[in-house]
Amino acid sequence: MSDEKYDVHATEAKWLKVWNDLDPFKADDAKVLGGHKQKYYALTMFPYPSGDLHMGHAEVTALHDVIARYRWLRGYEVLNPMGWDSFGLPAENAAIKNNEHPATYTYANIETQYESFKKFGISFDWSRRLHTSDPEYYRWTQWLFLKFRERGLAYRKNSPVNWCPSDQTVLANEQVVDGKCERCGAEVTKRELTQWYFKITEYAQELLDDLEVLSKTWPDRVVTAQRNWIGRSEGAHVDFTVHTASGDETVTVYTTRPDTLYGATFMVVAADAPLAAKLCAPERQAALETYVNEVRKASDIDRLSSERPKTGVDLGVTATNPVNGEQIPVWASDYVLADYGTGAIMAVPAHDQRDLDFAKAMSLPVRRVIDTGEPNPEETFVATSGDGVYVNSGPLDGISDKVSGIRTITADLEGRGTGKGAVNFRLRDWLLSRQRYWGVPIPVVHCESCGEVGVPEDQLPVTLPELRGADLKPKGVSPLAAATDWINTVCPQCGGAATRDSDTMDTFVDSSWYFLRYCSPGNDNAAFDSTLANAWMPADIYVGGVEHAVLHLLYARFFTKVLADMGLLETREPFAAQLNQGFVINHGKKMSKSLGNGVHLGSQLEEFGVDAVRLTLVFAGPPEDDIDWAEVSPAGSLRFLQRALRLADDVTSEPGVDVTSGDLALRKTTARTVTDAAELVELYRFNVMVARVMELVNATRKAIDSGCGGADPAVREAVEVVAQLLSMVAPYTAEEMWSRLGHQPTVARSTWPEVDPALLVQDSVVAVVQIQGKVRARLDVSPDISAADLEAAAMADEAVQKALEGQQIRKVIVREPKLVNIVV
RNA sequence: GCCCCGGUAGCCCAACGGCAGAGGCAGAGGUCUUAAACACCUUCCAGUGUGGGUUCGAGUCCCACCCGGGGCACCA
């Protein structure tokens, strides 16, 4: 036995070189296409190249790698690719600051992260590496955009968008944090701009429906978040006639409560929608304009507050309620959203709190049409929304439940031709334009005579012009607009003078299809090879952060469905199963620069080595839970690894020795461990799997020191299993063990240990005898004992008899072979 | 305000409705050592947030509440 300390860094250097030469994790398309091996696509969210890898990257990839390596051991052909989501704002900011090109920052960081990933020993297939900022990649992002546009799924419209007045740029929703610009902290306002959108709403129903299947294999919170985001609601469209200065206009409102139509006492339209100005009486136009300007100025902080007092302006016109002919006033307010439903509502203050608040603020009438038995909202100013008896409601009077009420009024409206049942979604179309440099140029040319013209496929990619430093500073329009040589071009259709679209795409477009590119990277003829994509897709597991519960995961699902409709893909869902890891925190708090509580991955690797850090991350707890680095012990992990490694030196039998003659007890423990480990990995219970391996290590140590001894074949069997199981978590140590056991690399591509089913059968089990649920005796019995025999054995037990003395037995519950409960 | 998730030993975490403890961290004692570290062995420690209910039997299922974390929040 060697006494020397485990030199982790020397071991890392030694095996890293061997693995580089062996390249053991290259996925072989042919094996999958030929049906020789079953495929497993292990996908993990690709990183953004900002600086070197941190604890978060270490955690995701350590967890992910357990799954990928497990599948290799189980004999699958595993596709485990990695790349970089390399367009985006941080590189642009760095470029402005350092007067350089964003590519400099981006590709330097990619190299750094690449080296770190390799050292971290993750079983990635590096031959499939991709970067979304490479022209070879974004050429196909542009191609996809054009295909979407051909199908009417990419279009331009004028709409209010998030605007940072300080940075002079449009912001994505996710870049607005608590109503402020995440970059400069300025309060975000709205601005009306013509922008490109993807028509994701066309897929709203399918995106919702397919969640049903995903709910079995996706985390609940992700499924719920997507359901909420899509936000399907059922109701009705109701047509009101508004009497304007220039004649009657039909205005359709959307409501989920058409049954309260008789309680509508006014109508409200979104103040910032064109409809408001159209309906407004001439003498009220000035007031409306003043109000809209105020609304525009309001920051998101104010707009988001539900305690905000209701404001609005009377448009000076009335509308006719289609069911009772009543004339009700029409108002404009910012509490009605322009882009949801029809941008207009019928207000029923008695049964909707928001309408009631508005009615109160503007002294508008309130009329109760459902008597729920609660105090009258006309007096309390507390709206009632439950079931009750309809009053003052024409054909609804006497009905006492919402479902019948809605059904009756909807039929009534449809009969009159003034309304019909309708479905609405909260989901909006996806705004993809960005006034930024470091992204995919939108491949469209604007021509005075031809209008919007897509760049022909043979002219792709439309590459970015060379800009750096100050040229990238935000000026209110995209930096690309200032690159005159680039922006001025000829129309592909008529050959006349034209300009390029100066915007770039949201980086979420890049990441909506990268998992398909991995299936045939470097393909110059297509975005992806359909045959290969069909062979590998869907990804069997997608490991990543829950922060993408809605955006990225919804967009990728949308892309997949469109591509399936284009006939390029068979699957309609990209990710069969999903695992969200928690955060690595420190002393109960998220690591952050401002708190100064960050844990540097590099220094942890330096101190404890790759394997100990990986083991700590995997063993800390369930993968979804946060890991508090202050509460775990990488030093303890390292001690365990040393313990495991030492076992390999104590094995004195030769490789290939017949294990059937080995120590039975140890062999049983080994067999049990292998069987449990498989189940635990498949349930993502990696921490428990590690605990089982620890048990096996302890049992083996005991066998060597005070049991059958190191020469027993069962010891070799156990230690080989330890090496194989440990290879999923601590690849360097496992490889070193495997080598010391006399095997060739690499243990990661060895096999899943075979288990003799006979070893899983127990000779005897401990049966517990309870009286009134309290344990009174334990019996060693055969696992296949009959209920009658077990009961008899229990009754015959001395301690049981003593406890039963003078008691009347009322019932005996027997759960053979483990339990007898006697009720007295 | 609404919706999720969680609360088991000093700490992190295990426990098909059936003996509350698998594993680890920290602590104590011991063996080894000139001594220490390492290693090895032994060991202390809770009745499962609170109150009800279902059951022969509840950490586990149901109800209410408390605490912690996360998400959504003028979507008509």
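It should be emphasised that the depicted structure is a prediction, and the values quoted were computed from it without experimental measurement. All chains are named by letter (A, B, ...) in the order of the sequence lines, taking the proteins before the strands, and each is independently numbered beginning at 1.
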Please tabulate, one pair per line, all N/O donor-acceptor pairs under 3.5 Å involving side-chain atoms of residues 630-641 of chain A, not counting sequence neighbours.
unit_1, atom_1, unit_2, atom_2, d
A:S633, OG, A:G636, N, 2.8
A:S637, OG, A:T616, OG1, 2.7
A:S637, OG, A:S633, O, 3.4

Go through the structure and list residues passing side-chain hydrogen bond (donor to acceptor under 3.5 Å, both in side chains) with A:D784, not counting sequence neighbours.
A:S782
Non-neighbouring partners of A:T201 that pass side-chain hydrogen bond (donor to acceptor under 3.5 Å, both in side chains), sequence neighbours left out
A:D429
What's the closest nucleotide to the side chain of A:R639 if the choices are B:G23, B:C38, B:A73?
B:C38
Under the 6.0 Å and 45° cation-pi test, does A:K310 pair with A:F358?
no
Re B:G27: Watson-Crick or G-U wobble partner, both distances kept under 3.5 Å, found to be B:U43
Please give, in whole Å, the distance from B:G69 P to A:D628 CG?
13 Å
What's the CZ-C1' distance between A:F240 and B:A76, to the nearest Å?
12 Å
The nucleotide from B:C40, B:A76, B:C74 with an atom nearest the side chain of A:I345 is B:A76
In whole Å, what separates the P atom of B:G21 from that of B:G10?
16 Å
Is the shortest heavy-atom distance from the side chain of A:L208 to the side chain of A:R227 under 4.5 Å?
yes
Please work out if A:T256 contacts a base, only the sugar-phosphate, or nothing of the nucleic acid, heavy-atom cut-off 4.0 Å.
sugar-phosphate
Please tell me which of A:G636 and A:G343 maps to the more 5' nucleotide of RNA chain B, matching each residue to the nucleotide holding its nearest heavy atom.
A:G636
A:D239: which of A:T252, A:T418, A:T250 passes side-chain hydrogen bond (donor to acceptor under 3.5 Å, both in side chains):
A:T252
Span that lies between the P atom of B:A28 and that of B:C65, in whole angstrom
45 Å
Measure all distances between protein nitrogen or oxygen atoms and nitrogen or oxygen atoms of nucleotides 7-15 of chain B, and list the pairs falling under 3.5 Å.
unit_1, atom_1, unit_2, atom_2, d
B:C12, O2', A:A620, O, 3.0
B:C13, O3', A:N687, ND2, 3.4
B:A14, OP1, A:N687, ND2, 3.4
B:A14, O3', A:R685, NH2, 3.1
B:A15, OP1, A:R685, NH1, 2.9
B:A15, OP1, A:R685, NH2, 2.4

Indicate yes or no for a side-chain donor-acceptor contact from A:T384 to the backbone of A:G386 under 3.5 Å, with no hydrogens or angles considered.
no
Just the table, please: protein N/O against nucleotides 54-63 of chain B N/O, every pair under 3.5 Å.
unit_1, atom_1, unit_2, atom_2, d
B:C56, O2, A:N821, ND2, 2.3

Classify the nucleic acid contact of A:V336 as base, sugar-phosphate or nothing, counting any heavy atom under 4.0 Å across all strands shown.
base
With sequence neighbours left out, write down each residue that passes side-chain hydrogen bond (donor to acceptor under 3.5 Å, both in side chains) with A:D7, or none if nothing qualifies.
none
Roughly how many Å apart are B:A37 and B:G23, using the P atom of each and rounding to a whole number?
25 Å
Would you say A:Y335 reaches B:A76's phosphate, i.e. side-chain N/O to OP1/OP2 under 4.0 Å?
no
Please report, rounded to the nearest Å, how far the P atom of B:G70 is from the CG atom of A:N580.
16 Å
Identity of whatever pairs with B:G1 - Watson-Crick or G-U, under 3.5 angstrom
B:C72
When the C1' atoms of B:G47 and B:C4 are compared, how many Å lie between them, rounded to an integer?
29 Å
Looking at the angle O4'-C1'-N9-C4 for a purine or O4'-C1'-N1-C2 for a pyrimidine, is B:G47 syn or anti, with syn meaning within 90° of 0?
syn
For A:S637, report the nucleic acid contact type (base, sugar-phosphate, nothing); a contact means any heavy atom under 4.0 Å.
nothing
Which nucleotide, B:G23, B:A39, B:C74, lies nearest any side-chain atom of A:A691?
B:G23
In whole angstrom, what separates A:N228's CG from B:G70's C1'?
14 Å
Could you tell me how far apart A:D705 (CG) and B:A39 (P) are, to the nearest whole angstrom?
14 Å
Between A:N698 and B:G24, is there a side-chain N or O to OP1/OP2 distance below 4.0 Å?
yes
Rounded to whole angstroms, how far apart are OH on A:Y340 and P on B:C74?
12 Å
Is the distance from OP1 or OP2 of B:C40 to the nearest side-chain N or O of A:R646 less than 4.0 Å?
yes
Under the side-chain contact (heavy atoms from CB on, under 4.5 Å) test, which residues partner A:E695, sequence neighbours left out?
A:R692
Nucleotide B:A76, atom P - distance to CZ of A:F425 in whole Å:
12 Å
Which residues satisfy the side-chain contact (heavy atoms from CB on, under 4.5 Å) test with A:V336, sequence neighbours excluded?
A:V268, A:A270, A:I345
Nucleotide paired to B:U34 in any strand shown, Watson-Crick or G-U, under 3.5 Å:
none
B:C13 and B:C25: how far apart are their P atoms, nearest whole angstrom?
15 Å
Distance check, P atoms only: B:C63 and B:C3, in whole angstrom units.
13 Å
If we take the C1' atom in both B:A15 and B:G59, what is their distance in whole Å?
9 Å
My understanding is that only residues two or more places apart in sequence, or in another chain, count here; which of them pass side-chain hydrogen bond (donor to acceptor under 3.5 Å, both in side chains) with A:Q770?
none
Nearest-angstrom distance, C1' atom, B:U48 to B:C40:
33 Å
For B:G59, what is the paired nucleotide under Watson-Crick or G-U wobble rules, both distances under 3.5 Å?
none
Whole-Å distance, A:E547 CD to B:G71 C1', equals 13 Å
Is A:R643 close enough to B:C40 that one of its side-chain N or O atoms is under 4.0 Å from OP1 or OP2 there?
yes
For B:U8, give its Watson-Crick or G-U wobble partner with both distances under 3.5 Å, or none.
none
Any donor-acceptor pair under 3.5 Å from A:S786 side chain to A:D789 backbone
yes
